[in-house]
Every structure is written in C-alpha cells, then in structure tokens.
Amino acid sequence: MRPAHEALIVIDMQNDFCPGGALAVAEGDTIVPGINALMEEFRAVVLTQDWHPADHLSFASQHAGAAPMSMTEMPYGPQVLWPDHCVQGSPGAAFHPDLRTDADLIIRKGFRREIDSYSAFFENDHATPTGLHGYLAERGITAITLVGLATDFCVNYSALDGARLGYDVTVIERLSRGIDLDGSFDAARRAMAAAGVTLA
Ligand code: VGL
Ligand code: ZN
C-alpha cells in the first residue's frame with residue numbers, strides 16, 4: 001500500500017475516448033484492467049470526467065465551416081476544435097463500463113461553454129482552478145501518479161500543472177494512451193520530462 005501522501009489521478013476514462021467513441025484514442029480501453037488493479041495500491045483515488053455542454057466552444061460544430069481537428073484562436077490561446085464529445089449526461093460522457101468508480105472524488109471539467117479544460121487543475125486559460133489542488137492540499141497529498149487518456153492532452157496538461165504546483169508527478173505510460181495530433185505525443189513526452197515529471 002502506498003503512503004497517505006500519494007494520490008492516483010485517473011484522467012478521462014470515458015466511453016467517448018475509447019474505441020467506438022466520438023473522440024476515440026487507439027487502444028484507450030485496453031488500459032482499464034491495469035488502472036483498476038493500480039487503484040488497490042492507493043489510499044487516495046481521484047477520477048476526472050470531461051463534461052461539456054452540447055454547445056461547447058471546443059466543438060468544431062460550433063464554428064461555421066470548421067473541420068474537426070482543425071485549430072482556432074480563443075481569447076486564452078490556440079485551441080483544437082474537436083468532434084462533439086463527452087456531452088453532459090450522454091453515454092459517451094459516462095466512464096468506461098469496466099472502470100472501477102469507487103473513487104474518493106470525481107472532478108468534472110470543461111463545463112463552461114467558453115473555455116476548454118484539459119488539465120485536472122486549471123482550465124485552458126491556466127488560471128481558472130478546478131478545485132483539485134485545494135482538495136489534495138487539504139488531504140496532505142504531495143505526490144500524484146497520473147494514468148488515463150489522452151497522454152498528449154489531458155494527462156500532459158495535468159502533469160505539467162501538477163509539477164508547476166509543486167507535486168511530485170509520475171505518469172505511468174503503460175496505463176495511458178495518446179491521440180497524437182501533428183506530433184503532439186512526442187512533444188508532450190518532451191515537455192513532461194523537461195518539467196521534471198517522471199515517465200514511468
Ligand atoms: C481530451 C481532447 C478534448 C482528453 C479532452 O481527455 O485528453 N482531449 N477533450
Ligand atoms: Zn473535451
């Protein structure tokens with residue numbers, strides 16, 4: 001059993017990010033058994049859930065003529081326009097049916113129409129908090145292990161924010177899978193390594 005100051009954070013293990021989903025990550029479903037097993041080791045387990053209104057501005061469908069996976073400029077910076085995914089209350093937003101959901105906390109993110117939220121800690125303006133940092137700090141947690149989807153987006157942003165906030169951050173690559181949009185997978189691995197994140 002891990003010490004009480006370590007938490008496992010399971011990022012966005014939802015149907016829409018698994019094969020057959022709206023924004024499927026290749027082999028996204030294959031990591032579920034390993035994640036379930038790892039939960040046994042941790043005294044603190046947090047799940048995140050991508051949770052968008054149907055008219056979320058990260059959806060290409062909200063921008064006339066925009067193709068999914070194209071880029072746009074938002075007030076907070078560049079933003080990928082995604083296919084509609086993880087719409088609040090839809091089957092695609094539900095956790096993978098085999099994922100253990102007996103976690104301590106579920107953090108929902110991306111629920112404000114105007115702003116996307118990849119990181120478990122901050123929205124994409126890097127300023128609006130999700131509340132996770134306060135939760136972990138109050139529990140005395142100083143080390144976090146990240147697994148889930150997608151390595152190069154939500155896992156990456158969570159790892160970088162976690163390191164910036166002073167956590168000891170580990171990403172278990174065997175229990176994460178990436179989207180890899182224009183080299184984003186290698187770029188994310190390099191950014192995490194440079195930030196002092198342990199890629200295990
Ligand atoms: C994610 C794209 C859009 C993720 C969420 O979980 O990595 N990626 N929304
Ligand atoms: Zn999303």
Side-chain angles (χ1 to χ4, degrees), residues 8-32 35 46-63 66-72 74 76-96 99 101 103 106-126 128 130 132 144 146-162 169 171-173 175-189 191-192 197:
L8 177 65
I9 303 182
V10 179
I11 306 288
D12 296 3
M13 285 304 303
Q14 296 163 260
N15 289 323
D16 269 343
F17 297 122
C18 291
L23 181 39
V25 180
E27 301 181 349
D29 56 336
T30 63
I31 61 179
V32 171
I35 292 174
V46 175
L47 309 181
T48 69
Q49 190 171 28
D50 212 37
W51 193 250
H52 300 307
D55 60 353
H56 195 251
L57 290 183
S58 77
F59 295 170
S61 63
Q62 299 300 306
H63 303 259
M69 314 311 248
S70 64
M71 297 294 300
T72 192
M74 297 291 210
Y76 52 82
Q79 169 72 48
V80 181
L81 292 176
W82 302 107
D84 293 16
H85 66 278
C86 297
V87 172
Q88 296 172 359
S90 70
F95 290 113
H96 185 286
L99 184 75
T101 55
I106 298 173
I107 284 275
R108 287 175 166 167
K109 59 188 181 61
F111 50 77
R112 292 185 180 88
R113 177 174 192 253
E114 303 73 29
I115 184 164
D116 206 3
S117 189
Y118 294 152
S119 166
F121 291 103
F122 294 100
E123 305 200 357
N124 284 9
D125 60 1
H126 301 289
T128 308
T130 63
L132 179 60
I144 56 175
L146 302 178
V147 297
L149 305 172
T151 315
D152 39 351
F153 287 91
C154 291
V155 174
N156 175 37
Y157 275 61
S158 300
L160 296 179
D161 280 345
V169 183
V171 172
I172 302 186
E173 294 196 274
L175 297 178
S176 187
R177 289 292 183 279
I179 295 173
D180 201 16
L181 193 61
D182 295 327
S184 59
F185 188 79
D186 286 337
R189 291 192 74 243
M192 288 191 281
V197 172

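Indexing begins at 1, ligand by ligand and atom by atom, following the structure's order. Every heavy atom of this structure was used, including side-chain atoms; hydrogens, water molecules and symmetry mates were not.
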Between the Zn ion (ligand 2) and Asp50, which N, O or S atom of the residue is the nearest one?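 Sorting the N, O and S atoms of Asp50 by distance to the Zn ion (ligand 2) puts OD2 first.
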What is the name of the N/O/S atom in His52 that sits closest to the Zn ion (ligand 2)?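 His52's closest N, O or S atom to the Zn ion (ligand 2) is named NE2.
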Using only atom types and a distance under 3.5 Å, with no angle test, would you say the side chain of [X] pairs donor to acceptor with the backbone of [Y]?
X	Y	result
Tyr118	Asn156	no
Ser58	Leu81	no
Asp16	Ala22	yes
Gln49	Arg108	no

Quick check: do His63 and Ser70 have side-chain heavy atoms less than 4.5 Å from each other?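 A side-chain contact under 4.5 Å is absent here.
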Answer yes or no: is there a side-chain heavy-atom contact under 4.5 Å between Asp116 and His56?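 Yes; the side chains approach each other to less than 4.5 Å.
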Could you tell me whether some N/O pair between [X] and ligand 1 is separated by less than 3.5 angstrom?
X	answer
Phe17	no
His52	no
Asp12	yes
His85	yes
Ala150	yes

From the options Trp82, Phe153, Tyr157, select the one whose nearest heavy atom is closest to atom 2 (C) of ligand 1.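 Comparing heavy atoms across Trp82, Phe153, Tyr157, the nearest one to atom 2 (C) of ligand 1 lies in Trp82.
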Examine Cys154 and say whether one of its N/O/S atoms is closer to the Zn ion (ligand 2) than 2.8 Å.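 So Cys154 does not count as coordinating the Zn ion (ligand 2).
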Just wondering, is there an N, O or S atom on His56 that's nearer than 2.8 Å to the Zn ion (ligand 2)?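 Checking His56: none of its N, O or S atoms is under 2.8 Å.
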Could you tell me the residue and atom name of the protein heavy atom closest to atom 4 (C) of ligand 1, and the distance to it rounded to 0.1 Å?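 Here the closest protein heavy atom is Cys154 SG, 2.8 Å.
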Please find out if less than 6.0 Å separates the ring center of His85 from that of Phe59.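 Yes; Phe59 has its ring centre under 6.0 Å from that of His85.
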Mind checking whether Ile11 contacts ligand 1 via backbone (N, CA, C, O), side chain (CB onward), both or neither, at a 4.0 Å heavy-atom cut-off?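 The answer is neither.
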With under 30° as parallel and over 60° as perpendicular, where do the rings of His126 and Tyr157 fit, or are they tilted in between?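 Because their plane-to-plane angle is under 30°, the rings of His126 and Tyr157 count as parallel.
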